[in-house]
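We number each residue from 1, following the sequence as shown.
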Amino acid sequence: MAFGWIDEQADARRRAGLLRTLRPRSADSPLLDLASNDYLGLARHPEVIEGAAEAARRWGGGATGSRLVTGTTELHGELERELAGFCGFEAALVFSSGYAANLAAVTALAPHGSLIVSDAGNHASLIDGCRLARGATQVVAHADPEAVRKVLASDSGTAVVVSDTVFSVDGDAAPLGELASACRESGAGLLVDDAHGLGVLGEGGRGAPYAVGLAGAPDVVATVTLSKSLGSQGGAVLGPARVIDHLVNTARTFIFDTGLAPAAAGAALAALRLLRREPERAARAREVATRLHTRLTASGLEAVRPDAAVVSVCAPTPERAVRWAADCRAAGLAVGCFRPPSVPDGVSRLRLTARADLTDGQLDRAVRVIGETRP
């Protein structure tokens with residue numbers, strides 16, 4: 001029977017406790033949210049909502065086509081200029097998602113005959129970009145600049161090193177300065193995914209590359225999402241103007257994809273301007289993460305020290321992680337649950353978001369619920 005193998009795989013996932021299902025949320029959910037990526041609490045901010053509404057009223061519900069045909073509006077250009085300026089890069093290019101931005105950057109910057117050096121902890125979008133690129137990929141140990149240096153030294157051709165700036169599972173930061181040094185010793189480029197750094201790290205939330213002095217460097221390219229700290233949807237690539245021009249001409253997820261919807265671009269631009277006006281939101285997100293980690297570990301839980309706004313709490317098994325998350329939900333708390341295949345065996349965990357708008361009372365409640373429901 002056609003696709004009969006699908007049923008076999010579904011049964012295997014069910015037996016292993018790894019079956020995933022969609023759970024729609026209501027617009028007025030009563031749950032305390034520590035599961036979303038809304039790090040600055042801007043997704044429902046009145047200015048962000050109005051930015052989306054005004055853009056939709058002016059430009060319509062959709063971009064109407066790829067950005068090289070009809071999908072580029074004045075609004076897209078405005079967002080790109082302000083995003084690049086805020087993060088300290090020469091130019092930016094907006095995509096329909098952060099995933100599409102990563103696919104574009106990796107594939108366009110790793111032509112046939114090149115070498116891609118990829119961190120073992122990278123996000124799935126970077127991994128898929130490596131798979132689609134025509135260059136050869138070498139995966140190295142997590143956050144290990146010496147391993148990167150050794151691989152680069154063994155190859156004399158064109159190379160690019162690819163890494164998250166903040167890893168999405170544990171929330172630990174990459175050693176960007178050391179990675180840049182390793183790249184420069186070999187003349188390699190550095191491509192970093194700052195999805196979890198924008199809005200949280202750097203002066204006023206300008207991102208991890210800005211924080212370590214790499215923003216605007218001619219050999220550094222960064223990708224970001226508009227769907228986390230900026231509370232909208234979409235992604236962007238930031239870098240030298242010649243790199244951005246190259247993406248316009250070669251990146252398939254730009255050339256053949258419909259442009260980002262105007263409402264999403266308007267919301268992201270409004271959020272960016274709000275963050276520029278209220279830079280303390282970034283510091284507050286980091287403060288909340290630190291407090292959450294301190295209180296969790298004080299209660300006897302094993303949690304990874306956060307470098308940004310992700311707080312990871314270890315669970316003993318995938319099945320217990322799922323049960324733990326479900327028990328938290330039943331007690332009024334939404335938390336993320338990471339388990340295989342999203343993470344390797346043995347590292348299942350709850351993933352908590354330390355949002356800037358969380359109060360101390362809400363943090364106390366979250367820690368209490370997590371502790372009371374622990375497996």
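In summary, the aromatic rings of F167 and H142 are positioned with their centroids under 6.0 Å apart.
In this structure, W5 shares a hydrophobic cluster with F3, I6, the cluster being traced through Ile, Leu, Val, Met, Phe, Trp and Tyr side chains under 4.5 angstrom apart. Residue L350 shares its hydrophobic cluster (ILVMFWY side chains chained together at separations under 4.5 Å) with L32, L34, V288, L292, L296, L301, V311, V313, W324, L333, V335, L352, L358, L363, V367, V369, I370. When hydrophobic residues (I, L, V, M, F, W, Y) are linked wherever their side-chain heavy atoms come within less than 4.5 Å, the members clustered with Y99 are L103, L132.
Judged by distance alone, the side chains of T373 and D327 never bring a donor and an acceptor atom under 3.5 Å apart. Checking R67 against T72 by side-chain atom types alone, a donor-acceptor pair falls below 3.5 Å. S125 and D128 are not linked by any side-chain donor-acceptor pair at a separation below 3.5 angstrom, with hydrogens and angles left out of the test. Side chains of T64 and T70: a donor-acceptor N/O pair is present below 3.5 angstrom, by distance only.
R355 places a side-chain heavy atom less than 4.5 Å from the side chain of S36. Looking at heavy atoms from C-beta onward, V310 lies in side-chain contact with Y39 at the 4.5 angstrom threshold. V48 places none of its side-chain heavy atoms less than 4.5 Å from the side chain of S232. Residues T73 and R58 form no side-chain contact, since every pair of their non-hydrogen atoms from C-beta on lies 4.5 Å or further apart. The closest side-chain heavy-atom distance from L42 to L274 is below 4.5 Å. For the pair F95/D257, no side-chain contact is recorded, criterion being any heavy-atom separation below 4.5 Å from C-beta on. Between V237 and I244 there is a side-chain heavy-atom pair separated by less than 4.5 Å. Residues V243 and P240 form a side-chain contact, since some pair of their non-hydrogen atoms from C-beta on lies under 4.5 Å apart.
When every heavy atom of G259 is checked against every heavy atom of A63, the shortest pair comes out as O-CB, 3.3 Å. Shown here for S348 and A321, the closest heavy-atom pair between the two residues is CB-CB, 4.1 Å. Closest approach of P145 and P175 over heavy atoms only: CG-CG, 3.6 Å.
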Can R349 and D170 be said to form a salt bridge (charged side-chain N to carboxylate O under 4.0 Å, His left out), step by step? CA-CA 9 Å; R349 59 201 61 223; D170 282 337; 2.5 Å; yes
Run K150 and E185 through salt bridge (charged side-chain N to carboxylate O under 4.0 Å, His left out) and show every step you take. CA-CA 11 Å; K150 289 178 182 178; E185 290 170 12; over 6 Å; no
Salt bridge (charged side-chain N to carboxylate O under 4.0 Å, His left out) between E47 and R277, intermediate numbers included: CA-CA 12 Å; E47 291 184 29; R277 196 172 71 244; 2.8 Å; yes
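No more than 12 heavy-atom neighbours from other residues, nucleotides or ligands sit within 6.0 angstrom of CZ on R23.
Side-chain heavy atoms closer than 4.5 Å link hydrophobic residues (I, L, V, M, F, W, Y) into clusters, and following such links, even through other members, never connects V221 to L198. V224 and V162 end up in different hydrophobic clusters when Ile, Leu, Val, Met, Phe, Trp and Tyr side chains are linked at under 4.5 Å. Under a hydrophobic-cluster definition in which Ile, Leu, Val, Met, Phe, Trp and Tyr are linked whenever side-chain heavy atoms come within less than 4.5 Å, directly or via other members, V192 and L238 are assigned to the same cluster.
Distance check: L179 CG to L191 CG gives 11.5 Å after rounding to the nearest 0.5 Å. Atom CG of L272 sits about 7.0 Å away from atom SG of C87, to the nearest 0.5 Å. The CG atom of N102 sits 10.0 Å away from atom OG1 of T107, with the distance rounded to the nearest 0.5 Å. Going from atom CZ of R305 over to atom OG of S312 covers 13.0 Å, rounded to the nearest 0.5 Å. Rounded to the nearest 0.5 angstrom, H123 NE2 and I127 CD1 are separated by 8.5 Å. A distance of 7.5 Å separates CG of N37 from OG1 of T225, quoted to the nearest 0.5 Å.
Using a cut-off of 4.0 Å between Lys/Arg side-chain N and Asp/Glu carboxylate O, R273 and E78 are scored as salt-bridged. We find that D38 and R44 are not joined by a salt bridge, their nearest charged nitrogen and carboxylate oxygen being 4.0 Å or further apart. In this structure, R295 pairs ionically with D364, as a charged nitrogen and a carboxylate oxygen lie closer than 4.0 Å. Ion pair D245/R242 not flagged as a salt bridge, since none of the NZ, NE, NH1 or NH2 atoms sits closer than 4.0 Å to an Asp/Glu carboxylate oxygen. Salt-bridge annotation for R13 and D11: absent, with no side-chain N of the basic residue lying under 4.0 Å from a carboxylate O of the acidic one. A salt bridge links R57 to E50: one of the charged nitrogens lies within less than 4.0 Å of a carboxylate oxygen. Between E302 and R374 there is no salt bridge, since none of the side-chain N atoms of the basic residue sits less than 4.0 Å from a carboxylate O of the acidic one. A salt bridge links D360 with R291: at least one charged nitrogen is closer than 4.0 Å to a carboxylate oxygen. R81 has no carboxylate O lying under 4.0 Å from a charged side-chain N of E90, or vice versa, which leaves the two without a salt bridge.
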